[in-house]
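Here's the structure we're looking at; comments come further down.
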Amino acid sequence: METFLTLLFSGLSTAALYYLLAAGLSLSFGLLRVLNFAHGAVFVWGGYTGMFVYQLTHSLALAVLAGTLLGGALGWVLERTLLRPAYGNIVVQVLTTLGAFYVLSEAIKIPFGPDQVGVGVPAFLHGAWMLRGVAVVKVNVLLVSVGLLVWGLGLVWLTRTRLGLIVRAGIDNPEMVMALGIPIRRVFTAVFAAGAALAALGGVLAGQYFGALSPDMGLQNMLNAFIVVVVGGLGSYNGTAVGALLVGLIGAFASYYLPSQIVGAVNVLIMALVLIFRPEGLFGEKEVVV
Amino acid sequence: MKKRGRLFWTAVSVLVLAGLVVFPTMWAPVWLLSLAGQIMAFALFAMSFDLLFGYAGVISFGQAAFWGIGGYAVAIASRAGGGAIATLLLGAVAGILLAAALGLVEGFILSRVKAGYFAMVTLAISQILLLLASSQNLRPLTGGSDGLNVYVPRFLLVGPATYYLLFAVLVLSFVVLYRFVRSPAGLVWRGMRENESRIESLGYNVLAYKVAVNVVAGMFAAVAGMLYMLVIQIATPELFGLSNSLDALLMVIIGGAGTLVGPVVGAVILVLAEHELSSIGSSVPFLSHWLILFGLMFILIVMAAPRGLMGTLDKIRDSI
Amino acid sequence: MAATLELMEVSVTFGGVAALSRVDLAIEEGELLALIGPNGSGKTTLLNAVSGQVRLAAGQIWYAGRRIDHLPAYQRSRLGIGRAFQQVNLFPGLSVAENLRLPVAARLGLGWRVWREAGGYPEVNRAVDDLLREFGLQDKAGVAVGSLAHGEKRVLDVAVALALRPRLLLLDEPTAGMAVEEVPRIAELIRHVHEKTGITVVVIEHRIDVVKALAERIVVLYDGRVLAAGTPASIMADKKVQEVYLGGLYAQRD
């Protein structure tokens, strides 16, 4: 029982991390029809920025703020320079965002070096609480709370605000929204930047979670986020959350019983099965084929 | 006018080929042969990717999966047989079959999903292979993160023997791929790139053509990986890395997608540039981050000249 | 004569909205039938259901004595159902000759040949040359389709569909987007093909003059249902049709 609960909590916290990365991917795909391959690099940049700011200020709040803002700024630049000239041309967008991933992942090595670096973690996040033999790691509590908070705020934003309404309408029918005279392009930029900011926030928290960062952790985490999005259904808001829970929990339990390298293969296997039997994802809507 | 242009290009090709055959008999320092070998291996790798991307219009970010399968097949076989030719050939056949099997599985996924998805799936698959190859549990087979040394048969170490073997395989593969893309099946692949649903409504089984092109491209990429092993003589997990898939993409994009010759030109440019930049990089620190320059160049070419070097040359020639 | 194409209680829905509801329709061998109806009445969906681009929610489709509604599109094409689309639907990066070579190679079953050059099959070349001549495109053989004029693209579109030598040809607004002076060329072409080969033709058409001149029988769709079917004269006289489709104009004139 103790093992089960420990694994459950650990699974929930990876799920939260995946969710932060996947939410932006899913939203920007739903609205912009863009698969953003630069997402993982933004995650890494967020992580390193957070680490750097924490070193300077010893304030986690400032680190989170700085990382998130930088992520948003990166997203804004990427949307303006790479995506905007090529809407409708999936091939070009996929290729240029992958190029950006590569450039950003290499560029982070200039100031911080190519190897793994340790991340400072504030004292209040050290260690774990013991509740009847179950270890509740403090960092995990932070991750899960942030994940839940982001999910809740996002839900309120999508259902209660004007911009959220526009985004949902845009996902259903972009032409209609444009015909209504709404500057959808500006909404595109905002949504994309917000998604990038979430990825960067995920990076800052990942630094706290692992206690270390390396330039190449972007790729692996981005792939896991992609898998989450595919499993949940691209563009489906709650589908992404459920996908993150599924992949996070399966990963946690699998890593207890299987060698860690196999766990990655398990994720890819889940994705392959979903793509073969339900290509639109568990909660995605089937697109009308004409 | 057109005929004269053709004569000119034929003459150029014959001269280049003759030069490539003759030069090692006169001047063949080891470093040059090794560099030429790397170029040829990458040229075949990029050609295989051109078949997939340039002709059939399929975006994959995981072509390195096949490159690595070929490399490890040869490395493992060479260790098992201590460099004996029979085991090496057996390993090569096994590697090609394995690549075909992976191509088959990927091909079925390809037929179910949209463009960007497939790029993601293939990237994930190659990443998994990278993790497996560096896994501690598989160390007895793959050598873990240290990799495996490749025992090359002795006769290939004599003078430019490896060079000529690679050259022969490359030319042969080029001829085969050239026939493929010019054949009726090649026309269907190009049609698929241009308009998939119409190809289907003409009575072609798109699923089968997608699977086929992924299998064929994968098999040639595996052969390219084997050639690479004969040159660098060590298989490391990085063979499966994204940077190799990206190299193939870059070579095809620089040289010109859908031309077959373009990727060869792209391979020459890129391997030489990597070679030069990494040696300059040791004295000029900024240039040690030359990968960034490649990435930027890649983005610029995709956005500004999607037809690549050969395609752009063709266009210029057409307009003259 | 027996019906070659028969739709039985065919329904198609998109996201819960019915695009076709319980359509019954029988088309005879060798008929030239026009499908008309206001926008959104389900005309294109009906053609898509027959050629396999959409799945049925209910009902059956039979063609030449076989049930076809579960077959993928490429297999229906092999049974002799040819299709031209509303938007020009060609291979823009390929030449005109290559656009025609694809369907001809499909018909002759050469699609899996991987060695000889695509242009090196005499039987394919003959068929392609015949098509180029028949459709007045012989000067354009080597031209990339992307650089053709719109009217030429439409002509080529029909030629590609016919290159398969279908027994049933489905045309979706072949004159859409055409300049007025180009319209007779296409209408004449359709009549010519129909008379020469005797194939069954179903054509969606908005231009009433073209419909009246071409069709032997007209089917009117409205709101996903068959509203009326009959000869051009009887359709023009039909009160229901006048009301929903031809508008007050015809009614007032009578």
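Chain naming here is simple, since letters A, B, ... match the order of the sequence lines and numbering starts at 1 in each. The model shown is predicted, which means the values in this text are computed figures rather than measured ones.
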Thr122(B)-Glu106(B) side chain donor-acceptor pair, cut-off 3.5 Å: no

Given Leu94(C), Leu79(C), Asn99(C), Leu110(C), the one with more heavy-atom pairs under 4.5 angstrom with chain B than any other is Leu94(C)

Please classify the contact between Val124(C) and chain B as side chain, backbone, both or neither, with a heavy-atom cut-off of under 4.5 Å. neither

Salt-bridged, Asp129(C) to Arg126(C), with N to O below 4.0 Å? no

Is it the backbone or the side chain of Leu102(C) that comes under 4.5 Å from a heavy atom of chain B, or both, or neither? both

Turns out that what part of Val181(B) lies under 4.5 Å from chain C's heavy atoms comes down to neither

Greatest number of non-hydrogen atom pairs under 4.5 angstrom with chain B, of Gly82(C), Gly93(C), Pro72(C), Ser51(C), falls to Gly93(C)

Could you give me the CA-CA distance, side-chain angles and deciding distance for Val145(C) and Val88(C), then say whether side chain to side chain contact (heavy atoms under 4.5 Å, CB included) is met? CA-CA 11 Å; Val145(C) 163; Val88(C) 170; 5.9 Å; no

So, the part of Tyr178(B) with a heavy atom under 4.5 Å from chain C: the answer is neither

Is there a salt bridge (Lys or Arg N to Asp or Glu O under 4.0 Å) between Arg190(B) and Glu98(C) once you walk through the steps? CA-CA 10 Å; Arg190(B) 285 162 63 212; Glu98(C) 284 173 326; 3.2 Å; yes

For Ala161(C), is it the side chain, the backbone, both, or neither that has a heavy atom closer than 4.5 Å to a heavy atom of chain B? both

Would Asp172(C) and Arg83(C) pass as an ion pair if we require N to O under 4.0 Å? yes

Heavy-atom pairs under 4.5 Å with chain C, option from Glu194(B), Arg198(B), Arg182(B) with the top count: Arg198(B)

Is it the case that atom CZ in Arg191(C) sees more than 12 heavy atoms from other parts of the structure closer than 6.0 Å? yes

How far apart are the C-alpha atoms of Val160(C) and Leu202(B), what are their side-chain angles, what is the distance that settles it, and do they pass the side chain to side chain contact (heavy atoms under 4.5 Å, CB included) test? CA-CA 9 Å; Val160(C) 168; Leu202(B) 292 184; 3.8 Å; yes

Stepwise, does the side chain to side chain contact (heavy atoms under 4.5 Å, CB included) test hold for Leu98(B) with Phe66(B)? CA-CA 9 Å; Leu98(B) 252 162; Phe66(B) 301 102; over 6 Å; no

Which portion of Arg113(C) sits near chain B, non-hydrogen atoms under 4.5 angstrom: both

Answer key: most heavy-atom pairs under 4.5 Å with chain B among Arg78(C), Arg101(C), Arg76(C) is Arg78(C)

Pick one of side chain, backbone, both or neither for Ala212(B), based on which atoms fall under 4.5 Å of a heavy atom in chain C. side chain

